[in-house]
A.B. asks: 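My questions all concern the structure below.
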Amino acid sequence: MAPSHAALDSAARAHRIDGRAIARSLDEETAAAVRAIVARDGAPPGLAVVLVGEDPASEVYVGRKIEACRRVGILSFEHRLPAQTTQDALLTLIARLNADPTIHGILVQVPLPPHIDDGMVLSAIDPAKDVDGFHPVNVGRLSTGTGGLVPCTPLGVMMLLDSVIDDMKGMDAVVIGKSNIVGKPIAMLLLEREATVTVTHIETRGLPDIVRKADIVVAAAGAPRLVKGFWVKEGAVIIDVGITRMPGEGGKTRLVGDVAYDEVQHARAVTPVPGGVGPMTIACLLANTVKAAEMRRGQKK
């Protein structure tokens with residue numbers, strides 16, 4: 001078995017990429033952009049957040065997004081619907097929000113109740129208001145490098161990488177995870193920067209050997225502590241997208257990422273969990289709302 005890197009001298013510890021600090025900086029930029037829009041147009045951008053049912057995690061996420069809107073000056077419109085809401089009723093609401101000129105961004109919190117088709121609902125959102133970047137039109141624009149709104153988590157990942165890497169051209173990047181909302185978009189964004197990208201997943205054969213060659217590792221498999229120290233070469237940059245709540249001491253729980261954080265301190269830089277990618281996702285949602293407002297204004301000229 002390859003050696004563990006858990007026991008390292010404190011002087012050799014990897015740079016901790018502070019997602020909270022970078023998110024605060026992005027929020028300041030967003031707030032300044034909102035103030036400029038208000039001064040020019042007389043009203044701030046509007047974000048509609050739709051929550052169907054009472055999923056506890058979704059309730060928390062929606063609350064954080066509404067509070068974040070308040071901080072930067074974006075006007076938020078909250079639509080809380082009962083779990084038994086029909087798909088047709090939800091689609092009717094989305095059609096109304098699409099037509100509302102005061103709404104610049106629409107976010108439907110997923111997962112939706114089982115009787116509602118997530119894909120159909122997300123595809124019903126006007127691509128110009130799709131601040132989550134999930135609409136097939138925005139996915140297509142991302143894959144062809146022709147603009148559009150980029151999914152928030154992948155966009156945040158790239159900003160975190162930009163904080164420690166000046167130029168990704170020619171670097172070897174490995175993405176662990178092939179989801180449509182994280183893994184695949186991240187791979188496309190890395191390709192745009194001319195990195196050489198390998199997309200893998202937990203079923204990939206010889207995964208440790210593939211990861212060990214990478215200059216950049218983005219772990220987004222949803223598998224707690226999957227990436228061990230011996231998987232990572234010295235000097236790599238690691239972005240940990242995974243987040244899982246695990247049992248802790250004294251009956252408490254703790255949040256754990258896809259990377260064994262203490263074992264990868266020989267890396268150049270690594271994001272913590274929590275405090276890494278998470279804050280960036282909401283900050284990028286707000287930035288996307290401002291971008292959507294500016295795009296719509298440009299179309300009206």
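Residue numbers start at 1 and run along the sequence shown.
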A.B. asks: Would you kindly confirm whether M159 and V175 end up in one hydrophobic cluster when ILVMFWY residues are joined by side chain heavy atoms under 4.5 Å apart?
C.D. replies: yes

A.B. asks: Name each donor-acceptor pair under 3.5 Å that joins a side chain in residues 279-295 to protein atoms two or more places apart or in another chain, with its distance.
C.D. replies:
| residue | atom | partner | partner atom | Å |
| --- | --- | --- | --- | --- |
| T281 | OG1 | T153 | OG1 | 2.9 |
| N288 | ND2 | V131 | O | 3.0 |
| N288 | ND2 | V150 | O | 2.9 |
| T289 | OG1 | L285 | O | 3.0 |
| K291 | NZ | G148 | O | 3.0 |
| E294 | OE1 | R40 | NH1 | 3.4 |
| E294 | OE1 | R40 | NH2 | 3.0 |

A.B. asks: Restricting to pairs with a member in residues 43-54, which pass side chain to side chain donor-acceptor pair (under 3.5 Å), not counting sequence neighbours?
C.D. replies: none

A.B. asks: May I ask you to test the V38-R35 pair for a side-chain heavy-atom distance under 4.5 Å?
C.D. replies: no

A.B. asks: Say you draw a straight line from OG1 of T198 to CD1 of I176; how long is it, rounded to the nearest 0.5 Å?
C.D. replies: 11.0 Å

A.B. asks: Kindly state each residue pair satisfying side chain to side chain donor-acceptor pair (under 3.5 Å) with at least one member in residues 14-27, sequence neighbours excluded.
C.D. replies: none

A.B. asks: Between atom CZ of R212 and atom CG of D209, what is the distance when rounded to the nearest 0.5 Å?
C.D. replies: 5.0 Å

A.B. asks: Taking C-beta and beyond as the side chain, do L142 and L189 meet within less than 4.5 Å on heavy atoms?
C.D. replies: yes

A.B. asks: I'd like to check V270 versus Y261 (side-chain heavy atoms, cut-off strictly below 4.5 Å). Are they in contact?
C.D. replies: yes

A.B. asks: I need the minimum non-hydrogen distance between V34 and P44, along with the two atoms involved.
C.D. replies: CG1-CB, 4.1 Å

A.B. asks: Return each pair, listed once, that meets side chain to side chain donor-acceptor pair (under 3.5 Å) where at least one residue sits in residues 161-175; pairs must be two or more places apart or across chains.
C.D. replies: D162-R193

A.B. asks: Kindly give the heavy-atom pair with the smallest separation between L90 and L81, and that separation in Å.
C.D. replies: CD1-CD1, 3.9 Å

A.B. asks: For G170 versus T196, what's the shortest heavy-atom pair and its separation?
C.D. replies: O-OG1, 4.5 Å

A.B. asks: Just to verify, which of L93, I94, V110, V50 counts as forming a side chain to side chain contact (heavy atoms under 4.5 Å, CB included) with V121?
C.D. replies: I94

A.B. asks: Quick check: closest heavy atoms across P224 and G222, and the distance to 0.1 Å?
C.D. replies: CD-O, 3.8 Å

A.B. asks: Rounded to the nearest 0.5 Å, how far does OG1 of T271 lie from CD1 of I17?
C.D. replies: 6.0 Å

A.B. asks: Got a second to check how far L51's CG is from Y61's OH, nearest 0.5 Å?
C.D. replies: 12.5 Å

A.B. asks: Output every pair passing salt bridge (charged side-chain N to carboxylate O under 4.0 Å, His left out) with a member in residues 76-90, not counting sequence neighbours, ordered by first then second residue.
C.D. replies: E59-R80, E78-R80

A.B. asks: Among pairs that include at least one residue of residues 121-141, which meet salt bridge (charged side-chain N to carboxylate O under 4.0 Å, His left out), considering only residues two or more places apart or in two chains?
C.D. replies: D126-R296

A.B. asks: State which residues pass side chain to side chain contact (heavy atoms under 4.5 Å, CB included) with P56; sequence neighbours excluded, sorted by chain then number.
C.D. replies: none

A.B. asks: Sequence neighbours left out, what pairs pass side chain to side chain donor-acceptor pair (under 3.5 Å) with at least one residue falling in residues 93-120?
C.D. replies: K65-Q109, D100-T102

A.B. asks: For the pair H79 (side chain) and V108 (backbone), establish whether a donor and an acceptor sit closer than 3.5 Å, ignoring hydrogens and angles.
C.D. replies: no

A.B. asks: Can you tell me how far apart NZ (K178) and CD1 (I202) are? Round to the nearest 0.5 Å.
C.D. replies: 9.0 Å

A.B. asks: Would a single hydrophobic cluster contain both L160 and V164, if residues Ile, Leu, Val, Met, Phe, Trp and Tyr are joined by side-chain heavy-atom contacts under 4.5 Å?
C.D. replies: yes

A.B. asks: Please name all residues satisfying side chain to side chain contact (heavy atoms under 4.5 Å, CB included) with K233, sequence neighbours left out, ordered by chain then number.
C.D. replies: D215, A236

A.B. asks: P127 and N138: which non-hydrogen atoms are nearest, and at how many Å?
C.D. replies: O-ND2, 3.0 Å

A.B. asks: Step by step, would you call M168 with E194 a side-chain contact (heavy atoms from CB on, under 4.5 Å)?
C.D. replies: CA-CA 7 Å; M168 300 177 203; E194 298 185 350; over 6 Å; no

A.B. asks: Under 3.5 Å, side-chain donor or acceptor atoms of residues 68-76 against the rest of the protein: list the pairs with distances, not counting sequence neighbours.
C.D. replies:
| residue | atom | partner | partner atom | Å |
| --- | --- | --- | --- | --- |
| R70 | NE | E67 | OE1 | 3.2 |
| R70 | NE | E67 | OE2 | 3.2 |
| R70 | NH2 | E67 | OE2 | 2.5 |

A.B. asks: Restricting to non-hydrogen atoms, name the atom on M171 and the atom on I165 that form the minimum distance, rounded to 0.1 Å.
C.D. replies: SD-CG2, 3.8 Å

A.B. asks: So does M120 get a backbone contact from the side chain of S123, meaning a donor-acceptor N/O pair under 3.5 Å?
C.D. replies: no

A.B. asks: Using 4.0 Å as the upper bound for N to carboxylate O, is an ion pair formed by D258 and R225?
C.D. replies: no

A.B. asks: I want to check something: taking the side chain as every heavy atom from C-beta on, are S179 and V182 in contact at a cut-off of under 4.5 Å?
C.D. replies: yes

A.B. asks: Using the side-chain hydrogen bond (donor to acceptor under 3.5 Å, both in side chains) criterion, which residues pair with K184? Sequence neighbours excluded.
C.D. replies: N180

A.B. asks: V199 versus M188: any side-chain heavy-atom pair under 4.5 Å?
C.D. replies: no

A.B. asks: Can you get from V237 to V157 by hopping between Ile, Leu, Val, Met, Phe, Trp and Tyr side chains that sit under 4.5 Å apart?
C.D. replies: yes

A.B. asks: Measure from the side-chain N and O atoms of Q265 to the backbone N and O of R13, and report whether any donor-acceptor pair falls under 3.5 Å.
C.D. replies: no

A.B. asks: Are the side chain of T86 and the backbone N or O of A89 linked by a donor-acceptor pair below 3.5 Å?
C.D. replies: yes

A.B. asks: Rounded to the nearest 0.5 Å, what separation is found between the CD1 atom of I238 and the CG atom of L161?
C.D. replies: 11.0 Å

A.B. asks: Report yes or no: do F77 and V62 belong to one cluster of Ile/Leu/Val/Met/Phe/Trp/Tyr joined by side chain heavy-atom distances under 4.5 Å?
C.D. replies: no

A.B. asks: What donor-acceptor contacts under 3.5 angstrom involve side-chain atoms of residues 248-256, with partners at least two apart or in another chain?
C.D. replies:
| residue | atom | partner | partner atom | Å |
| --- | --- | --- | --- | --- |
| T253 | OG1 | R245 | NH1 | 3.0 |

A.B. asks: Would V241 end up clustered with F134 when hydrophobic side chains under 4.5 Å apart are linked, directly or stepwise?
C.D. replies: yes

